[in-house]
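Comments concern the structure below.
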Amino acid sequence: CLRAGDIVSRLGGDEFVIVMSEITGNGAAELLAERVLKSFHTPFEMGQSEFFTSTSIGISVYPEGGTSSEELMKNADSAMYQVKAEGKNNYLFYSPKANQRTKERFSLEADLRRALERHELVLHYQPQVSVKTGEVTGLEALIRWNHPTLGMIPPMEFLPLAEETGLIV
């Protein structure tokens, strides 16, 4: 997927970095990201088994994405986490707006981790009533999060985060 002169390095775990030099604009980075994504559509074969994997790519380009290597890496990482939050298997260029969403998500995750010990999760029971007889036939348990500063947070805003982070258990 790489051009001559591009560098790929493993940062650790399942994270890699690709350094492209002498590019103008975002076009070359976008083409590389599309080639990398396409290359992972084919499963890996090991022995008799096939393995499918997804790829999340965060991109930061000098100078919009940062002016130092540290800033470029941090912002590419931020964009990658945004891709993961939006469903993986895609790429995203760093933008301050995406970075703000990532910060908000991390903040919400940190708050959610403390919500149980602070007794902020509230369980409501909703009766299930038979239309024919009018009798209660069951109950549905509904969880709500009473956040100390944001107020009541509906389940659709925090349950996907709880599932993704393993906090749902």
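Position 1 is the first residue of the sequence, and the numbers go up from there. This structure is a prediction, so every number in the text was calculated from the model and none was measured.
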Same apolar cluster: [X] and [Y], side chain cutoff 4.5 Å:
X      : Y      : value
Val19  : Tyr94  : no
Ile59  : Leu72  : no
Val122 : Ile143 : no
Leu167 : Phe158 : yes

Closest contact, heavy atoms only, [X] versus [Y]:
X      : Y      : value
Ala141 : Leu123 : CB-CD1, 3.9 Å
Ala28  : Ile23  : CB-CG2, 3.8 Å
Arg113 : Glu117 : O-OE1, 4.5 Å
Met20  : Asp6   : CA-OD1, 3.6 Å
Met80  : Ser56  : CG-O, 3.6 Å
Phe51  : Met46  : CE1-CB, 3.8 Å

Tell me whether the count of non-hydrogen atoms from other residues, nucleotides or ligands lying under 6.0 Å of [atom1] in [X] goes above 12.
X      : atom1 : answer
Phe52  : CZ    : yes
Met152 : CE    : yes
Glu104 : CD    : yes

Could you measure the distance from the [atom1] atom of [X] to the [atom2] atom of [Y]? Nearest 0.5 Å is fine.
X      : Y      : atom1 : atom2 : answer
Tyr125 : Leu142 : OH    : CG    : 10.0 Å
Ser95  : Glu64  : OG    : CD    : 12.0 Å
Tyr62  : Ser68  : OH    : OG    : 10.0 Å
His147 : Arg114 : NE2   : CZ    : 8.0 Å
Leu161 : Phe106 : CG    : CZ    : 10.0 Å
Thr165 : Leu112 : OG1   : CG    : 6.0 Å

Check: [Y] and [X] side chains under 4.5 Å, non-hydrogen atoms:
X      : Y      : answer
Tyr81  : Val83  : no
Gln126 : Leu139 : no
Leu108 : Trp145 : yes
Phe93  : Asn26  : yes
Val17  : Glu15  : no
Leu116 : Leu121 : yes
Leu37  : Ile57  : yes
Val129 : Thr137 : no

Is the backbone N or O of [Y] less than 3.5 Å from a side-chain atom of [X], with the two atoms forming a donor-acceptor pair by type?
X      : Y      : result
Arg3   : Ser21  : yes
Arg35  : Lys38  : no
Glu157 : Ile153 : no
Ser54  : Asn89  : no
Asn75  : Glu71  : yes

> Just checking, is any N or O donor in the side chain of Ser39 or His41 under 3.5 Å from an acceptor N or O on the other one?
Replying inline: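 Looking only at side-chain atoms, His41 and Ser39 do not form any donor-acceptor pair under 3.5 Å.
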
> Distance only, no hydrogens: is a donor on one side chain within 3.5 Å (strictly under) of an acceptor on the other, for Glu34 and Tyr91?
Replying inline: yes

>> So that I can tick it off, tell me whether Arg105 and Glu164 are bridged by a salt bridge, with the cut-off set at under 4.0 angstrom between side-chain N and carboxylate O.
In response: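 Judged by the 4.0 Å cut-off on N to carboxylate O distance, Glu164 and Arg105 do form a salt bridge.
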
> Under a 4.0 Å N-O cut-off, is there an ion pair linking Asp77 with Lys74?
Replying inline: no

>> side-chain contact (heavy atoms from CB on, under 4.5 Å), that's the test. Do Leu2 and Leu32 meet it? Break it down for me.
In response: CA-CA 7 Å; Leu2 302 179; Leu32 177 60; 3.9 Å; yes

